[in-house]
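A short worksheet on the structure shown next.
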Amino acid sequence: MADDIPQDGQIRGTLIAAKEQWAREGRGLTGETADLARDRLPPGQRLVESWPVLDLGIVPRVTEANWTLTADGLVENPIAWTWADLQAQPQERFVSDIHCVTTWSRYGNHWDGVSTRHLLSVLRPRPEARFVLCHSSDGYSTNLPLEIFAAEDALLATRWEGQPISRDHGGPVRVVVPRLYFWKSAKWVKRIELLAEDRRGYWEVRGYHNDADPWKEERYVE
Ligand SMILES: Nc1nc2c(c(=O)[nH]1)N[C@H]1C(S)=C(S)[C@@H](COP(=O)(O)O)O[C@H]1N2
Ligand SMILES: [Mo]
């Protein structure tokens, strides 16, 4: 079971408290409106070359051997996949930009993995299913609307720039949802739950915006 996965590190209480404070202060907010036709960088963001690591401080020891993914809730066909099951699905390549609420963005990331559209075609969501809650092996969770989870650029990623996703970045399997701030992309994903009603995740109950659209600067709770 994914719940038995050993963990290293400990909760970064000071960092989490600081991020809650940023939400109260509205840190990084510019009040600008993005022009999508013109801008590639959303308002208040700055470009980085290397890929920063951001998490709660707990790094689960997930491997290809012990990784499992449950996807359940309001679906006709719930699944419990191993790494081999995931590899047996159609693999696709994606290119997208990352926008983190802490104001860094990284352009042109190459991802390989299984599209969320394929996953959903296997699951067959019931008509009532409208929201997705992703759960991770470090105790993290994050929520998003089903239609954004199902976007054509969203995936279960296993490779970045041609290499297996490192443990720090959520390997062996993480979610990538490029349309939203990166906290909506769960590292070490272990369960994907389809819901009729929205249920808020880790940062969403700590002052972060439920919708998280970088182009609208939806950083924090209004
Ligand atoms: N499981 C898990 N996923 C997570 C997080 C986390 O703490 N745990 N942090 C989120 C946040 S705030 C960000 S910015 C990105 C960071 O991913 P990275 O470390 O690969 O850059 O992961 C998101 N997904
Ligand atoms: Mo973040």
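Read the numbers this way: they start at 1 and go in the same order the structure lists the ligands and their atoms. Keep in mind that the numbers below use all heavy atoms, side chains included, and drop hydrogens, waters and symmetry copies.
Residue Asp55 has at least one heavy-atom neighbour below 4.0 Å for each of these atoms of ligand 1: 6 (C), 7 (O). Atoms of ligand 1 lying under 4.0 Å from any heavy atom of Pro52, numbered from 1 in the order shown and given with element: 18 (P), 19 (O), 21 (O). Every atom of ligand 1 is numbered from 1 in the order shown, and the set under 4.0 Å from a heavy atom of Lys19 is 12 (S).
The 12-atom threshold is not exceeded at CD of Glu152, counting heavy atoms of other residues, nucleotides or ligands nearer than 6.0 Å. In Arg206, the CZ atom is crowded: over 12 heavy atoms of neighbouring residues, nucleotides or ligands sit closer than 6.0 Å.
Distance alone, capped at 3.5 Å, is enough to place a donor-acceptor pair between the Asp97 side chain and the Gly108 backbone.
Taking the six-membered ring where the residue is Trp, Phe182 and Trp51 present tilted rings, their angle falling between 30° and 60°.
Minimum heavy-atom separation, Leu41 to Trp215: C-CZ3, 3.9 Å.
Heavy atoms of Leu56 found under 4.0 angstrom from ligand 1 belong to the backbone as well as the side chain. At a heavy-atom distance under 4.0 Å, atoms from both the backbone and the side chain of Phe182 approach ligand 1.
Where the criterion is an N or O separation shorter than 3.5 Å, residue side chain and backbone included, His169 meets it with respect to ligand 1. Between Trp51 and ligand 1, at least one pair of N/O atoms sits closer than 3.5 Å. The shortest N or O to N or O distance between Leu54 and ligand 1 is under 3.5 Å. For ligand 1, the polar-atom distance check finds no N/O of Ala186 at less than 3.5 Å from any of the ligand's N/O atoms. Any N or O atom pair closer than 3.5 Å counts here, and Ser136 shares at least one such pair with ligand 1.
Within the structure, ligand 1 has Arg174 among the residues with a heavy atom less than 4.0 angstrom away. The shell of residues lying under 4.0 angstrom from ligand 1, judged by heavy atoms, includes Cys100.
Regarding atom 8 (N) of ligand 1, its nearest protein heavy-atom neighbour is Asp138 OD2, 2.7 Å. At the shortest separation from atom 11 (C) of ligand 1 among protein heavy atoms lies Trp183 CA, 3.6 Å. For atom 19 (O) of ligand 1, the nearest protein heavy atom (residue, atom name, distance) is Lys187 NZ, 2.6 Å.
Residues passing the ring pair (Phe, Tyr, Trp, His ring centres under 6.0 Å) test with His135: none are found, sequence neighbours excluded.
Between Trp67 and Val173, some side-chain heavy-atom pair lies under the 4.5 Å cut-off.
Counted by atom type alone, Trp183 and Glu204 present one or more donor-acceptor pairs between their side chains at under 3.5 Å.
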Quiz item: Is there a side chain to side chain contact (heavy atoms under 4.5 Å, CB included) between Asn143 and Val132 once you walk through the steps?
Solution: CA-CA 6 Å; Asn143 59 305; Val132 175; over 6 Å; no
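Between Tyr208 and Trp203, the distance separating the two ring centers is shorter than 6.0 angstrom.
For atom 24 (N) of ligand 1, the nearest non-hydrogen atom from the set Gly170, Ala157, Ser185, Gly57 comes from Ser185.
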